[in-house]
Novice: 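Structure provided below as structure tokens; questions to follow.
Start at 1 and go down the list; that is how both ligands and their atoms are numbered. All values derive from a computational prediction rather than experimental measurement.
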Amino acid sequence: MRLEDTIKQEIQHNGPMDVGAFMARVVAYYYNSRDPFGEGGDFTTAPEISQIFGELLGAWAADCWTQMGRPSKFMLVECGPGRGTLMVDALRATAKIPGFHEAAQIHLIENSESLKARQRDVLQDFDVSWHDGLEGVPDNAPLILLANEFLDALPIRQFQRADGKWKERVIGVDGAGNFHFGLIPTAQPQNIEGDFYETSPACELFVKNTCERLKAQGGAALFIDYGYVEGHGDTLQAVKNHDYVPVLEQVGEADLTAHVDFAALSEGLVTTQGEFLRALGISQRAAMLKQKATESQAKDIDEAVGRLTSTDQMGELFKVMAFSSDDINLAGF
Ligand code: SAH
């Protein structure tokens with residue numbers, strides 16, 4: 001049965017589904033049934049745009065490790081590694097740093113079986129473990145965690161004020177068998193301005209658990225994603241073939257995400273992707289690569305740097321949020 005029909009049947013039996021439950025089902029199915037990345041797919045992420053992205057994140061991780069006093073063992077964790085490109089680039093960039101690879105235990109948090117197979121393939125030269133969540137990652141050494149476009153895939157819930165009362169936005173099925181949005185009664189929250197808000201308990205829990213790990217084990221975490229630091233409305237969105245599509249159409253066949261509410265996740269270090277990559281030396285790295293490039297390759301490198309950093313592309317909408325234990329002074333902020 002198609003995912004769409006399975007969910008409809010479930011709603012007909014059990015009643016409307018909250019946006020979070022719906023999103024969790026759709027996202028799990030979507031990533032399990034395809035490789036959505038790149039031009040021929042549905043969307044392109046930063047590590048797929050340029051090798052420099054993963055290389056700079058690798059250098060960032062190595063800098064954290066050095067500041068920690070080069071521990072002989074640490075967990076190099078990536079959440080939602082997709083095709084594994086970021087990790088491959090990060091490992092290549094750090095291969096010549098004495099002791100870093102020997103100390104790194106690679107742990108990937110991934111729940112798509114098909115993407116796990118792809119990651120196994122591209123990382124075959126390394127010893128890698130997979131986990132469904134942070135719980136599975138060992139807690140007996142410091143950790144350095146990287147997550148690009150991971151939090152946006154975690155479920156959100158949405159609430160709307162109607163006739164003076166807060167309701168939760170849910171998904172039901174109408175008489176003709178089509179999905180539609182509806183509202184059901186919910187607990188009345190306090191101190192919410194406006195008539196709409198969305199929240200991601202899943203994101204908040206993930207970040208909270210990460211911070212607790214950093215406190216107990218030491219280390220650093222970097223989350224990169226599109227999102228806002230203040231004021232927003234409904235950010236649930238579906239993307240297919242590099243274009244937005246209605247959220248309740250092509251269910252399971254389009255990528256379903258929400259913007260990340262960075263203000264709810266951190267009072268601390270949040271910057272833009274453009275600022276962050278510039279601070280880590282993206283221009284210098286691009287110049288180095290261009291020395292050995294043909295004219296057309298050099299043009300591609302410049303274009304990729306533009307896509308990653310310029311304000312009208314990914315440079316400003318994408319934010320970078322980091323956490324660390326006290327012994328680390330985080331680069332890029
Ligand atoms: N970081 C990669 C891929 C981003 S797409 C890149 O930048 O190219 C989101 C990734 O998160 C996919 O690998 C997807 O399978 C994974 N993912 C989504 N929800 C997840 C969850 N709840 N638990 C673990 N992995 C998840």
Novice: Taking atom types as modelled, find out whether Gln119 and Glu110 have a side-chain donor-acceptor pair closer than 3.5 angstrom.
Specialist: yes

Novice: What part of Asn111, side chain, backbone, both or neither, has a heavy atom within less than 4.0 angstrom of ligand 1?
Specialist: both

Novice: Please state which part of Leu115 comes within less than 4.0 Å of ligand 1, counting heavy atoms only: side chain, backbone, both or neither.
Specialist: side chain

Novice: At a non-hydrogen distance cut-off of under 4.0 Å, which region of Leu154 contacts ligand 1 (side chain, backbone, both, or neither)?
Specialist: side chain

Novice: At the 4.0 Å heavy-atom cut-off, does Ala46 count as touching ligand 1?
Specialist: no

Novice: Tell me yes or no: between the side chains of Asp255 and Tyr31, is some donor less than 3.5 Å from an acceptor?
Specialist: yes

Novice: Are the side chains of Phe223 and Thr210 in touch, meaning some heavy atoms are under 4.5 Å apart?
Specialist: yes

Novice: Output yes when the distance from some N or O of ligand 1 to some N or O of Gly82 is under 3.5 Å, and no in every other case.
Specialist: yes

Novice: Give the atoms of ligand 1, by number and element, whose distance to some non-hydrogen atom of Ser112 is under 4.0 Å.
Specialist: 15 (O)

Novice: How about Phe159 and Phe196: are their ring centres within less than 6.0 Å of each other?
Specialist: no

Novice: I'd like to know if the side chain of Thr85 pairs up with that of Glu48 as donor and acceptor (distance under 3.5 Å, no hydrogens or angles considered).
Specialist: yes

Novice: Select the closest option to atom 14 (C) of ligand 1 among Glu78, Glu149, Gln119, Glu110, judged by heavy-atom distance.
Specialist: Glu110

Novice: So which protein heavy atom does atom 2 (C) of ligand 1 come closest to, and at what separation?
Specialist: Gly80 O, 3.2 Å

Novice: Do the ring centers of His131 and His107 come within less than 6.0 Å of each other?
Specialist: yes

